[in-house]
Amino acid sequence: MMLLLHLHYDSPPSPRGLHVSSSGWSLTSLLSRNGRQFGEEVGSRGGAAGGAFRRRISTGVAPEDGGDAFAMDPSIVAFDDLISQHVNRVTSAAEKIGGQVLDVSKIIAEAFNVQKELLIKIKQTQKPDMAGMVEFLKPLNEVMAKASALTEGRRSDSFLHLKTGADSLAALAWIAYTGKDCGMSMPIAHVEESWQMAEFYCNKILVEYRNKDANHVEWAKALKEVYVPGLRDYVKSHHRLGPVWSATGKIAASAPAKAPTPGAPAPPPPPPASLFTETTQPSSSQPKVGMSAVFQEISSGKPVTAGLRKVTDDMKTKNRVDRSGVVTAAEKENRAGSPAFSKTGPPKLELQMGRKKVNNITVDKCTKMGWYSRLDVVAACEIVNCSGVEVQWLAPTVSVDNTAGCQLYLSKDALEASITTAKSSEINVLVPGSEPDGDWIEQALPQQYVHVFKDGQFVTTPVSHSGA
């Protein structure tokens with residue numbers, strides 16, 4: 001019986017000590033030289049390095065397609081440590097809570113394990129085209145879809161946890177970055193921006209359970225450390241410019257084409273070649289459209305009213321018999337049934353464009369709405385005629401007018417913003433604590449003032465209440 005040992009080293013052994021055959025890896029020559037030190041090597045390694053070393057000893061199974069060899073790559077080992085140090089902490093905190101919090105935490109752990117397998121495949125696969133990339137990332141997309149499905153339907157008591165976990169998984173899409181023309185932010189920025197979207201709900205967990213249940217606070221803080229600094233620092237150290245695909249590896253498989261249904265008619269023949277060829281015509285022979293056609297008709301010398309219909313006496317407004325102004329039920333149904341415009345589609349809940357800066361943002365006539373913006377606002381953000389809104393953004397000036405109930409989340413980069421309020425009540429501002437992982441501090445803005453005539457002018461001060 002032949003015993004195959006898979007060894008992990010901080011630095012790969014010399015190629016002269018390994019022999020690769022068609023049936024697998026042969027470590028005979030390496031073991032003949034280093035067999036006596038093998039037991040000492042395992043025993044001498046301690047801490048995380050020793051743990052990672054011992055976890056990668058396998059017996060009885062030969063490595064398949066070199067996958068286990070790539071699992072020893074420093075970037076894969078570092079990602080494995082990210083899972084053990086941060087992701088497992090989220091799962092441990094979720095076990096104390098149970099329920100749907102534990103369910104979404106297991107999905108998060110599953111997503112990170114799937115990404116680890118994709119990172120291993122990247123090292124042995126050539127960079128695919130767009131269709132191949134979609135098929136390559138399909139396992140990760142399926143896990144993300146499972147997390148998103150938990151947030152649908154009727155809201156549960158764990159909605160904030162489900163929304164935080166589902167939104168945070170968008171950070172794992174950094175693996176799809178293929179260059180500056182792919183339409184994505186660079187990997188480090190993508191991780192930070194994705195977590196900022198999930199942090200909106202994570203902060204609400206910290207505020208709600210701050211004095212109620214320490215387990216929920218521990219879960220929220222542990223999840224934040226998974227992405228910042230965990231995943232962000234990992235990407236910064238190993239994949240700053242995106243994943244590095246193999247130049248000589250296997251070609252990624254594209255999505256298989258769907259077979260035609262038996263008995264279905266054959267597809268129509270392609271259009272004639274003339275549809276794909278452009279024939280240049282003189283500008284004078286090309287038909288004009290729009291206002292150019294109007295002016296051409298006027299200047300042609302033909303009677304302008306030649307194509308108009310004649311208005312008869314019964315068509316004139318003064319002679320019409322249906323001038324009562326009463327709208328019949330049939331007319332109402334026809335008007336209600338006819339759409340105002342033909343274009344339909346899902347509502348847009350986010351700004352879908354590549355810009356990172358906008359001049360001004362206004363939230364008007366919104367009720368019970370939570371909104372987060374990761375754009376840099378040049379001028380100001382305005383909240384007008386709203387009720388029960390929660391917003392977080394980066395802007396030098398924030399204006400709240402005629403609003404009842406507003407919570408403003410100011411990040412560390414927005415603490416110098418000026419806030420102007422008018423005809424508003426219940427305005428609370430939350431700012432980060434003094435410690436990096438501390439709780440948010442909530443402060444209420446005054447809504448009552450005292451005006452005193454002094455020295456020839458009125459002096460206005462906010463009302464302060466103090467209790468014994």
Worksheet, complete the sentence: Separation between NZ (Lys127) and OG (Ser246), nearest 0.5 Å, reads 13.5 Å

Worksheet item: Under 3.5 Å, side chain of Asp80 to main-chain N/O of Ile76, donor-acceptor pair present?
Response: no

Worksheet item: What's the shortest heavy-atom distance between Leu169 and Met144, and which atoms?
Response: O-CE, 2.9 Å

Worksheet item: Distance-only, no hydrogens or angles: does the Thr164 side chain make a donor-acceptor pair with backbone N or O of Leu162 under 3.5 Å?
Response: no

Discussion item. To check you understand the geometry: which heavy-atom pair defines the closest contact between Leu102 and Thr91, and what is its length?
Written reply: CD1-O, 4.3 Å

Discussion item. Does Val235 form a side chain to side chain contact (heavy atoms under 4.5 Å, CB included) with His190? I'd like the steps, not just the answer.
Written reply: CA-CA 10 Å; Val235 173; His190 176 81; over 6 Å; no

Worksheet item: Is there a side-chain contact between Leu415 and Pro432 (heavy atoms, below 4.5 Å)?
Response: yes

Worksheet entry | Crowding at NZ, Lys212 (>12 non-hydrogen neighbours, <6.0 Å) | yes

Discussion item. Checking the side chain of Ser424 only, and the main-chain atoms of Asn402 only, is there a donor and an acceptor separated by less than 3.5 Å?
Written reply: yes

Practice prompt. Supply the atom-to-atom distance Glu416 CD to Leu410 CG, rounded to the nearest 0.5 angstrom.
Written response: 11.5 Å

Discussion item. With a 4.5 Å cut-off on side-chain heavy atoms, are Val391 and Cys381 touching?
Written reply: no

Worksheet item: Is the side chain of Tyr234 donor-acceptor paired with the backbone N or O of Ser75 at a distance under 3.5 Å, no angle test?
Response: yes

Worksheet item: Okay, side chain of Thr151, backbone of Ser148: is any donor-acceptor separation there less than 3.5 Å?
Response: yes

Worksheet entry | Check: Asp364/Thr362 side-chain N/O donor and acceptor closer than 3.5 Å | no

Item to complete: Give the minimum heavy-atom separation between Ala173 and Met184, together with the two atoms involved.
Response: O-CE, 3.3 Å

Worksheet item: Which class fits the ring pair His216 and Tyr209: parallel under 30°, tilted 30 to 60°, perpendicular over 60°?
Response: parallel

Discussion item. Rounded to the nearest 0.5 Å, what separates atom CD in Glu199 from atom OG in Ser411?
Written reply: 8.0 Å

Worksheet item: When rounded to the nearest 0.5 angstrom, what distance separates CD1 in Ile383 from CG in Asp401?
Response: 10.5 Å

Worksheet entry | Smallest separation among heavy atoms of Val104 and Ala166, with atom names | CG2-N, 4.5 Å

Discussion item. Working note: Val114 + Leu172, criterion side chain to side chain contact (heavy atoms under 4.5 Å, CB included); need CA distance, chi angles, decisive distance, verdict.
Written reply: CA-CA 10 Å; Val114 170; Leu172 297 180; over 6 Å; no

Practice prompt. Can you establish whether the number of heavy atoms outside Arg210 located under 6.0 Å from its atom CZ is more than 12?
Written response: yes

Worksheet item: Any sub-3.5 Å donor-acceptor pair from His86's side-chain atoms to Pro229's backbone N or O?
Response: no

Fill in: From CA spacing to verdict: side chain to side chain contact (heavy atoms under 4.5 Å, CB included), Gln407, Glu442
CA-CA 9 Å; Gln407 279 193 334; Glu442 184 175 3; 3.4 Å; yes

Fill in: Trp219 and His161 aromatic ring geometry - parallel, tilted or perpendicular at 30°/60° bounds
tilted

Discussion item. Is the shortest side-chain heavy-atom distance between Leu231 and Phe79 below 4.5 Å?
Written reply: yes

Worksheet entry | side-chain contact (heavy atoms from CB on, under 4.5 Å) partner of Gln115, the single match among Leu140, Val143, Leu137 | Leu140

Worksheet item: Is there a donor-acceptor contact under 3.5 Å from the side chain of Ser105 to the main chain of Asp103?
Response: no

Item to complete: Would you please test Val429 and Trp440 for side chain to side chain contact (heavy atoms under 4.5 Å, CB included) and show each step?
Response: CA-CA 10 Å; Val429 182; Trp440 285 66; over 6 Å; no

Item to complete: Calculate, to the nearest 0.5 Å, the distance between atoms CG and CG belonging to Leu430 and Leu408 respectively.
Response: 8.5 Å

Practice prompt. Check whether any side-chain heavy atom of Lys221 lies under 4.5 Å from a side-chain heavy atom of Leu206, and answer yes or no.
Written response: yes

Practice prompt. Please tell me if the side chains of Phe200 and Asp167 come closer than 4.5 Å, counting only heavy atoms from C-beta onward.
Written response: no

Worksheet item: Do the side chains of Phe136 and Lys121 get nearer than 4.5 Å, heavy atoms only?
Response: yes

Worksheet item: Any side-chain heavy-atom pair from Val244 and Ile122 closer than 4.5 angstrom?
Response: no

Discussion item. I'd like to check Cys202 versus Trp195 (side-chain heavy atoms, cut-off strictly below 4.5 Å). Are they in contact?
Written reply: yes

Worksheet item: How far does CG of Asn215 sit from CD of Glu95, to the nearest 0.5 angstrom?
Response: 11.5 Å

Worksheet, complete the sentence: When every non-hydrogen atom of Tyr177 is compared with those of Lys180, the smallest separation belongs to OH-N, 3.4 Å

Worksheet, complete the sentence: In short, Thr125 meets Trp245 closest at the heavy-atom pair O-CE3, 3.5 Å

